[in-house]
Amino acid sequence: MLQVAFIRENKEDVIQRLAKRNIDASAMINEAITLDEERRALQAKLDNTKAESNSISKEIGILFKNGQAQEANELKTKTTQLKEEAKILEQDLNTKVETLNELLYKIPNVPNTIVPSGNTDEDNEEVFREGEVPSLSESALPHWELAKKYDIIDFELGTKITGAGFPVYKGKGAKLQRALITYFLDKNTEAGYTEYQVPHLVNEASGFGTGQLPDKEGQMYHVTADNLYLIPTAEVPATNIFRDTILNENDLPISVTGYTPCFRREAGSYGAHVRGLNRLHQFDKVEILRVEHPNKSYEALDSMVEHVKGILKELKLPYRILRLCGGDLGFTSALTYDFEVFSTAQDRWLEISSVSNFETFQANRLKLRFKNSDGKNELCHTLNGSSLALPRVLAGILENYQTENGIKIPDVLVPYTGFDLIS
RNA sequence: GGAGAAAUGGCAGAGUGGUCGAAUGCACCGGUCUUGAAAACCGGCGAGGGUCACACCUCCGGGGGUUCGAAUCCCUCUUUCUCCGCCA
């Protein structure tokens with residue numbers, strides 16, 4: 001969530017930049033500022049009432065000590081009255097704070113100035129493209145056909161065990177997926193990211209910290225008996241490592257990577273674009289995450305983008321990078337780059353990574369701060385990205401590396417798989 | 001799952017109804033001393049709100065209650081530890 005002080009001090013700029021998301025935020029922003037003013041006025045009133053009551057209570061204490069019980073008892077009526085006043089003020093204040101917060105939860109992050117305006121993914125700006133699209137024969141198959149042909153992924157079996165969107169990987173398919181996970185983690189740790197294994201279920205506070213709650217609980221599987229949520233991404237547990245934390249300035253930057261399965265309810269559509277591995281309820285992902293000094297976060301974003309590029313280059317997959325437009329930008333993000341791999345057999349781009357700078361938007365909720373050189377506590381910037389989402393990378397490999405003899409394994413993966421062909 | 005104990009500042013650890021946001025030690029930061037370092041000594045050192053800055057308010061695991069007044073008493077929840085049971 002945005003900080004009220006920031007909204008107050010940058011009102012026009014905030015409205016202008018939120019307009020990139022195709023929303024007119026002026027009403028919300030004005031209301032937030034008004035609510036905040038009212039909140040502060042109530043707070044001051046309440047504080048004064050309490051201050052008076054406190055000082056009388058101290059007097060009473062002294063009077064009792066001196067044996068002046070009668071005078072003390074007289075003062076008691078005064079504090080009783082003040083207490084009632086305070087109670088009412090406190091209730092007003094609480095509802096005011098609640099109203100303000102509910103409003104603030106609804107305001108998305110302020111897009112960076114370089115975010116292109118636009119409504120849909122059509123308006124995303126392609127900023128980079130690399131890799132050759134292989135020329136495949138007429139008989140080239142989409143990955144779900146290949147999965148069947150080589151018996152490496154069984155979608156029907158997953159449906160039997162659980163339901164649609166829970167595939168079963170098998171034999172060399174399972175091994176290839178495990179190889180990818182290990183390869184990604186190795187690349188990330190080599191680049192200085194510390195590997196974490198985090199819980200796959202999180203509590204409400206964590207869901208709130210990263211912004212899934214209160215509004216987007218529909219996207220997560222909810223274990224009601226224990227009030228826990230299955231993680232939709234490692235971002236949730238990994239970012240919450242740092243909830244309620246005050247770091248030293250020289251602790252920054254912090255770089256974390258982790259592999260987790262991800263669970264998404266995705267009340268989604270049906271058809272070709274969700275077939276096979278394209279969209280699942282359960283999938284694997286390796287995530288990278290950074291906690292940065294505000295002055296360094298965009299530098300960090302660039303370095304994360306470069307890092308992901310390096311991996312795709314090694315895998316020799318054709319990909320492009322998009323700078324998301326305001327309309328496509330996630331609620332919590334200030335700037336996002338999406339990576340898409342070209343799926344030759346499907347003739348379409350598949351999103352395999354999304355790298356974002358959240359600036360202080362998450363840190364504000366998380367209360368993730370560092371002590372700056374003035375000794376003041378300041379919000380950190382958080383960033384994260386996938387490196388990478390497994391199913392679509394797998395789809396890309398299967399489709400782009402298919403030959404008449406079978407599916408070749410990218411050279412960098414062979415040491416991890418132990419085989420160089422799926423046939 | 002059953003029985004008991006506990007939860008206080010970065011850590012350790014006092015405080016059991018009044019001037020306690022909280023002793024003390026360690027850690028940390030600044031200074032003196034030193035060729036330099038260590039030691040010693042001096043000073044500083046939790047968070048949030050509020051203010052131009054003060055004042056002031058709130059916070060001793062969370063929530064509620066008793067009282068003029070709660071870290072301290074009561075209720076409740078959570079977590080941790082010990083013992084027993086079960087178990088990958």
Side-chain angles (χ1 to χ4, degrees), chain A residues 1-9 32-101 103-104 197-209 213-214 223-229 237 240-252 254 261 291 360 362-380:
Chain A
M1 68 199 272
L2 296 174
Q3 299 166 88
V4 201
F6 177 80
I7 293 176
R8 201 195 311 146
E9 285 154 27
I33 292 171
T34 308
L35 283 168
D36 183 49
E37 273 164 14
E38 292 169 358
R39 188 212 99 222
R40 274 148 55 208
L42 274 171
Q43 180 75 254
K45 219 169 171 183
L46 173 64
D47 286 358
N48 288 335
T49 309
K50 281 186 170 171
E52 197 180 333
S53 165
N54 285 345
S55 79
I56 294 174
S57 285
K58 278 182 188 172
E59 270 181 62
I60 292 172
I62 293 163
L63 288 172
F64 271 125
K65 227 166 221 174
N66 298 339
Q68 299 167 274
Q70 195 179 336
E71 288 88 336
N73 283 321
E74 278 165 25
L75 283 177
K76 276 190 190 180
T77 45
K78 180 71 182 162
T79 50
T80 311
Q81 190 192 329
L82 284 170
K83 207 183 154 187
E84 269 164 38
E85 278 175 40
K87 202 164 196 171
I88 293 164
L89 283 170
E90 202 149 23
Q91 278 169 0
D92 290 351
L93 179 65
N94 285 344
T95 53
K96 191 66 76 184
V97 169
E98 218 170 283
T99 314
L100 174 60
N101 281 338
L103 177 62
L104 289 175
Q197 289 190 3
V198 291
H200 301 165
L201 282 87
V202 293
N203 58 28
E204 261 183 333
S206 292
F208 179 80
L213 299 175
V223 181
T224 51
D226 300 288
N227 198 25
L228 296 173
Y229 294 86
N240 275 282
I241 292 171
F242 305 102
R243 172 152 47 89
D244 284 319
T245 302
I246 300 173
L247 300 161
N248 293 316
E249 192 163 6
N250 57 18
D251 291 333
L252 300 173
I254 293 173
V291 180
T360 59
Q362 283 184 331
N364 189 212
R365 278 205 192 188
L366 291 163
K367 297 201 182 73
L368 166 53
R369 294 153 291 172
F370 70 98
K371 203 167 276 297
N372 68 21
S373 44
D374 299 332
K376 293 249 171 72
N377 293 329
E378 193 176 333
L379 291 174
C380 300

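Letters A, B, ... are given to chains in the order of the sequence lines, protein chains preceding strands, and every chain is numbered from 1.
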*Dump the intermediate steps for salt bridge (charged side-chain N to carboxylate O under 4.0 Å, His left out) on A:K78 and A:E59, then the final yes or no.*
CA-CA 12 Å; A:K78 180 71 182 162; A:E59 270 181 62; over 6 Å; no
*Closest to the A:K371 side chain: B:rG50, B:rG46, B:rG49?*
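The closest nucleotide is B:rG46.
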Please state how far atom [atom1] in [X] lies from atom [atom2] in [N], giving the value in whole angstrom units.
X: A:E37; N: B:rU51; atom1: CD; atom2: C1'; answer: 15 Å
X: A:N248; N: B:rC29; atom1: CG; atom2: P; answer: 9 Å
X: A:I246; N: B:rC11; atom1: CD1; atom2: P; answer: 11 Å
X: A:D244; N: B:rC59; atom1: CG; atom2: C1'; answer: 13 Å
X: A:N250; N: B:rA27; atom1: CG; atom2: P; answer: 18 Å
X: A:L368; N: B:rA47; atom1: CG; atom2: P; answer: 15 Å
X: A:D251; N: B:rG10; atom1: CG; atom2: P; answer: 14 Å
X: A:E90; N: B:rU58; atom1: CD; atom2: C1'; answer: 9 Å

Base-pairing assignment for [N] (Watson-Crick or G-U wobble, both under 3.5 Å):
N: B:rC73; answer: B:rG65
N: B:rA47; answer: B:rU58
N: B:rG1; answer: B:rC84
N: B:rA23; answer: none

*At under 4.0 Å between heavy atoms, which parts of nucleotides 63-81 of chain B does protein reach? Answer with one letter per nucleotide, 5' to 3': B base, S sugar-phosphate only, - none.*
----BBS------------
With [atom1] as the reference atom in both, quote the distance from [N] to [M] in angstrom, rounded to an integer.
N: B:rU66; M: B:rC11; atom1: C1'; answer: 35 Å
N: B:rG13; M: B:rA27; atom1: C1'; answer: 14 Å
N: B:rG15; M: B:rG61; atom1: P; answer: 15 Å
N: B:rC45; M: B:rC29; atom1: C1'; answer: 7 Å
N: B:rC81; M: B:rG44; atom1: P; answer: 38 Å
N: B:rC74; M: B:rG17; atom1: C1'; answer: 13 Å
N: B:rA14; M: B:rC75; atom1: C1'; answer: 27 Å
N: B:rC56; M: B:rU19; atom1: P; answer: 15 Å

*Taking only the side-chain nitrogens and oxygens of A:K45, find out if one of them lies under 4.0 Å from OP1 or OP2 of B:rC56.*
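No, no such contact exists.
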*Between B:rG50 and A:R39, is there an OP1 or OP2 to side-chain N/O distance shorter than 4.0 Å?*
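Yes, within the criterion.
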Base, sugar-phosphate alone, or nothing: which one does [X] contact when heavy atoms must sit under 4.0 Å apart?
X: A:N377; answer: sugar-phosphate
X: A:A51; answer: sugar-phosphate
X: A:K376; answer: nothing
X: A:N54; answer: sugar-phosphate

Do you see a donor-acceptor pair shorter than 3.5 Å between the side chains of [X] and [Y]?
X: A:N372; Y: A:E249; value: no
X: A:R243; Y: A:S206; value: yes
X: A:K371; Y: A:N248; value: no

Which pair of non-hydrogen atoms, one from [X] and one from [Y], has the smallest distance, and what is that distance?
X: A:K76; Y: A:T79; result: O-OG1, 2.8 Å
X: A:R39; Y: A:L93; result: O-CD1, 3.6 Å
X: A:R8; Y: A:D36; result: NH2-OD2, 3.1 Å

*Which comes earlier along RNA chain B counting from the 5' end, the contact point of A:E52 or that of A:A44, where each point is its nearest nucleotide?*
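Residue closer to the 5' terminus by nearest nucleotide: A:A44.
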